[in-house]
Protein chains: 2
Amino acid sequence: MSAETLRPVESKSQQAYRFIRERIDDGRYVPGYRLVLGQIAKELDVSVVPVREAIRRLEAEGLVTFERNVGAQVALIKETEYLHTMQTLAVVEGAATALSAPYLTPADLERARDINERMRRTLDDFDPHRFTELNLEFHSVLFEECPNPHILDLVHRGWNRMRMLRDSSFSFVPGRARESVAEHEHIVELIEQGAEPLEIELAARRHRTATLDAMLAYQAAHKHPTPAPVAAR
Amino acid sequence: MSAETLRPVESKSQQAYRFIRERIDDGRYVPGYRLVLGQIAKELDVSVVPVREAIRRLEAEGLVTFERNVGAQVALIKETEYLHTMQTLAVVEGAATALSAPYLTPADLERARDINERMRRTLDDFDPHRFTELNLEFHSVLFEECPNPHILDLVHRGWNRMRMLRDSSFSFVPGRARESVAEHEHIVELIEQGAEPLEIELAARRHRTATLDAMLAYQAAHKHPTPAPVAAR
DNA sequence: GTATCTGAAATCATATACGATTTATCGAGT
DNA sequence: ACTCGATAAATCGTATATGATTTCAGATAC
């Protein structure tokens, strides 16, 4: 049995899926970017068939839109779409955090605190990108032990959605970061004290809702002309 | 411009999707049913390529599992899977109902009451199938006005999931139906009184959680294989 | 009787080919 | 200069073909 045939390499459609997904996730393919089947196929040195399958999957996941006889592009996220995503995330992340709480060890909580501390340190000499990164890391610690894989999956999807907007105009609000760090500490304390699941859930939910509200207020105050006309194709 | 070419008929992959989806929904394809590409293609008189795409989509939606070089089958739902689905539905349906509440008209509430009344009448001379049908209808009235399409979509998916188990052993508990009807009335009253969103949400969630608990208790009492070690709530 | 092997049949995965549709280009007419 | 229309180019949608993998039935060995 030769070593090179032991592992049945991933299928080409899977390969195509990862290829595209990777690029959407890290921002190389921005919302609106056009996914030309033949072009991607050539880059991967496969035929268009597996690429189409990959795109169908991405479409079902909501990351890509695919119009008949026109083609696929990375899903554009309009402002209302974004608000809906945030609201959904508030709900499912709240639930995930509450369900996860009983399984968190003192070590987990310490880790969460540590991350939050690093976030606090980025407050002076502020780096939004770094802050966002740590923010996900912090929340991940809290919800990742959620024993319900469906809910956990929904949380991941929500965060991915938001990540696609990393560089968008409405992903950040100046004053909010400091409050955020304080709220993080509060959530950790609740979990530590073994608070009621519902209390934890609502705290986590409020944390996100507050971010959303802050963004809305900020935008209203700054009268953003248009929510950033995304570079298409 | 000839009449027959005016409408650009749905694509074949779309057609295949609907074909399969329909059959899963109405139970002709039960969980575990094997979806053979060539066979479905022949039935539809198309090639396998669009059928594959349809199956990829169904896979992403969780209705179908698709294993490399082995093929696709309607997703099997194990007991823990079912519990997770119910729990997720409890969360998202609660949120959807609360978000929907402000948009419900008196006519909507009347309709809900009417449906619930019909459910009550099926209690004597009990028909589980009919009851389940009305149950979805009732809840649909309450959550369908939810302005957040993401959350609404999650609710639909959850119900679809449950519908796939229509005939399964753990889809029904004898005593539960009567309580259910009473809880329905309570939820309608809350909405009618313009109760706090959170109160509505939790009432709707409890209603579903109670169903779940009843099922677990029933199974435990009847010594079903595994009593489900899942941490519900 | 059970286990293992072997070849055939079924089925999957993907490449290639080609017609259909959309989009872009460019010149004629106003 | 602008619109319109025709043509070309790009791209999509799907059928077909073929090699690869898995499954299964029957044969053989123990």
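Residue numbers start from 1 in every chain, and the chains themselves are labelled A, B, ... in the order their sequence lines are given, proteins ahead of strands. Values in this document were obtained by computation on a predicted structure and should not be read as measured data.
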All N/O pairs under 3.5 Å across the protein-nucleotides 12-15 of chain D interface:
from	atom 1	to	atom 2	distance (Å)
D:dC12	OP2	A:L37	N	3.2
D:dC12	O3'	A:N69	N	3.2
D:dG13	OP1	A:N69	N	3.1
D:dG13	OP2	A:R52	NH1	2.4
D:dG13	OP2	A:R52	NH2	3.0
D:dT14	OP1	B:K12	N	2.5
D:dA15	OP1	B:K12	NZ	3.3
D:dA15	OP1	B:S47	N	3.4
D:dA15	OP2	B:S47	N	2.4
D:dA15	OP2	B:S47	OG	2.4

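Although no hydrogens or angles enter the test, the distance criterion places no donor-acceptor pair under 3.5 Å between the side chain of A:R18 and the main chain of A:Q14.
Between A:E133 and A:R130, some side-chain heavy-atom pair lies under the 4.5 Å cut-off.
By the ring pair (Phe, Tyr, Trp, His ring centres under 6.0 Å) test, A:F66 is found to be paired with no residue, residues two or more places apart in sequence or in another chain being considered.
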Mind running side chain to side chain donor-acceptor pair (under 3.5 Å) on B:N135 and B:T132 for me, showing each step along the way?
CA-CA 5 Å; B:N135 192 36; B:T132 303; over 6 Å; no
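Looking at A:N160 and A:R163, their side chains do bring a donor and an acceptor atom within 3.5 Å of each other.
Across the protein-nucleic acid pair, A:I55 atom CD1 and D:dT11 atom C1' stand 12 Å apart, rounded to whole Å.
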